[in-house]
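Notes to accompany the following structure.
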Amino acid sequence: MSNDEFRTAMSRLAAGVVLVTAQEPPLDPDDPTAPGGEDVGMTATAFLSVSLDPPLVMVSLREGSRMDDLLAEQPLWAVSVLSESQRHIAGRFAMKGRISDRLLFEDLPYVRGETAGAPLMGGALATLECRTEQTVSAGDHTLVIGRVLTAQLPSADGGPLLYFKGRYRQLG
């Protein structure tokens, strides 16, 4: 089986779309006047609930990606479950060779999570703040299992944003 055959077969599995975010640690944690770290975000479709008790979720990160490197040192992160009206956010944070994350967040409505300190998208169907419990190396990806510390439902409007056959889609 080729990589293309596998990719095509897996593209037939519809997946919800989330934005995973985290804040880099301060450049100098011992200096309270040092600038804080940058917010980082990435679009993910490999995200799922793992356990209800304790509440655990999992996200799959490409090994060596900026988010993979960041979550190796920063245990707190967040997830915004994107609505069908947030396709532009998913596309923005999925771009290859994109501009700095600081500029990507610049004109988006978000609040900073009180627990993880990471951006939570306004208009998301649900937001979660998590702490890494375990990481598992799996081929060319890292599976990050996080304990859900907070869960909120900021918006009940619209349906979920889905990814199917290589495109963002809506239910119906």
Side-chain angles (χ1 to χ4, degrees), residues 1-22 39-101 104-105 108 116 118-121 123-148 151 153-172:
M1 173 187 61
S2 72
N3 287 350
D4 286 340
E5 289 170 322
F6 180 65
R7 184 177 292 118
T8 299
M10 294 311 298
S11 77
R12 299 319 196 255
L13 176 64
V17 182
V18 301
L19 182 68
V20 179
T21 57
D39 291 325
V40 177
M42 95 163 215
T43 302
T45 56
F47 176 78
L48 56 98
S49 170
V50 173
S51 169
L52 182 60
D53 186 18
L56 299 174
V57 294
M58 186 201 74
V59 65
S60 180
L61 308 174
R62 185 174 31 83
E63 190 176 84
S65 67
R66 184 164 185 206
M67 188 63 73
D68 182 42
D69 292 343
L70 176 55
L71 293 190
E73 66 178 82
Q74 165 61 284
L76 298 173
W77 45 284
V79 174
S80 296
V81 178
L82 299 181
S83 72
E84 59 195 4
S85 67
Q86 294 178 309
R87 180 184 303 218
H88 65 289
I89 295 172
R92 181 183 289 197
F93 285 91
M95 286 187 299
K96 290 184 181 356
R98 62 190 196 201
I99 57 177
S100 81
D101 284 64
L104 293 176
F105 283 104
L108 294 176
L120 301 168
M121 289 296 111
L125 297 177
T127 59
L128 308 169
E129 293 183 273
C130 306
R131 181 185 63 239
T132 300
E133 291 275 310
Q134 182 180 1
T135 60
V136 178
S137 182
D140 58 0
H141 278 66
T142 302
L143 307 179
V144 180
I145 299 169
R147 179 180 294 256
V148 179
L153 306 173
S155 176
D157 296 334
L161 181 60
L162 299 176
Y163 194 71
F164 179 70
K165 287 181 150 181
R167 292 181 44 211
Y168 296 117
R169 309 205 186 230
Q170 298 173 247
L171 283 179

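- Nearest heavy atoms, M121 versus F105: CE-CE2, 3.8 Å.
- Here OG1 of T8 is found 10.5 Å from NZ of K165. Values are rounded to the nearest 0.5 Å.
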- Query: Hey, mind stepping through Y168 and T43 against side-chain contact (heavy atoms from CB on, under 4.5 Å) and telling me if it holds?
  - Reply: CA-CA 12 Å; Y168 296 117; T43 302; 3.8 Å; yes

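- Note: D39 CG to L108 CG = 11.0 Å, rounded to the nearest 0.5 Å.
- The nearest pair of heavy atoms linking A22 to A118 is CA-CB, 3.8 Å.
- Side-chain N or O atoms of R147 include none that pairs as donor or acceptor with a backbone N or O of P54 at under 3.5 Å.
- The backbone N or O of D53 lies less than 3.5 Å from a partner atom in the side chain of S51, making a donor-acceptor pair.
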- Message: Between V81 and V18, does the side-chain contact (heavy atoms from CB on, under 4.5 Å) criterion hold? Intermediate values first, please.
- Response: CA-CA 5 Å; V81 178; V18 301; 4.2 Å; yes

- Task: Apply the test side-chain contact (heavy atoms from CB on, under 4.5 Å) to residues V40 and M67: give CA-CA distance (whole Å), side-chain angles for both, the deciding distance (0.1 Å), then the verdict.
- Result: CA-CA 7 Å; V40 177; M67 188 63 73; 3.8 Å; yes

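- In plain terms, the two heavy atoms of A151 and V148 that are nearest each other are CB-CG1, 4.4 Å.
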- Message: Checking M58 against V136 for the side-chain contact (heavy atoms from CB on, under 4.5 Å) test, could you report, in this order, the C-alpha distance in whole Å, the side-chain angles of both residues, the deciding distance, and whether it holds?
- Response: CA-CA 10 Å; M58 186 201 74; V136 178; over 6 Å; no

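- With values rounded to the nearest 0.5 angstrom, M42 atom CE is found 11.5 Å from L70 atom CG.
- Enclosure of atom CZ in R7 is not indicated, since only 12 or fewer non-hydrogen atoms of other residues, nucleotides or ligands lie within 6.0 angstrom.
- Looking only at side-chain heavy atoms (C-beta outward), V59 and L61 come within less than 4.5 Å of each other.
- When all heavy atoms of V50 and V57 are compared, the closest pair comes out as CG2-C, 3.8 Å.
- Annotation for S60 and H141: closest pair OG-CD2, 3.1 Å, computed over non-hydrogen atoms.
- Counting only heavy atoms from C-beta outward, the side chains of L128 and F47 approach each other to under 4.5 Å.
- Between L13 and M10, some side-chain heavy-atom pair lies under the 4.5 Å cut-off.
- Scanning both residues, E129 and A116, for their nearest heavy atoms gives OE2-N, 2.6 Å.
- The neighbour count for L52 CG, taken as heavy atoms of other residues, nucleotides or ligands under 6.0 Å away, does not exceed 12.
- Considering CG of L171 and CG of L162, their distance stands at 5.0 Å, rounded to 0.5 Å.
- Put simply, OG on S85 and CG on L125 are 8.0 Å apart, with the number rounded to the nearest 0.5 Å.
- The backbone N or O of G159 lies less than 3.5 Å from a partner atom in the side chain of E84, making a donor-acceptor pair.
- Using a 4.5 Å heavy-atom cutoff, the side chains of P154 and T127 are in contact.
- Between the CZ atom in R131 and the CD1 atom in I145 there is a gap of 13.5 Å [rounded to 0.5 Å].
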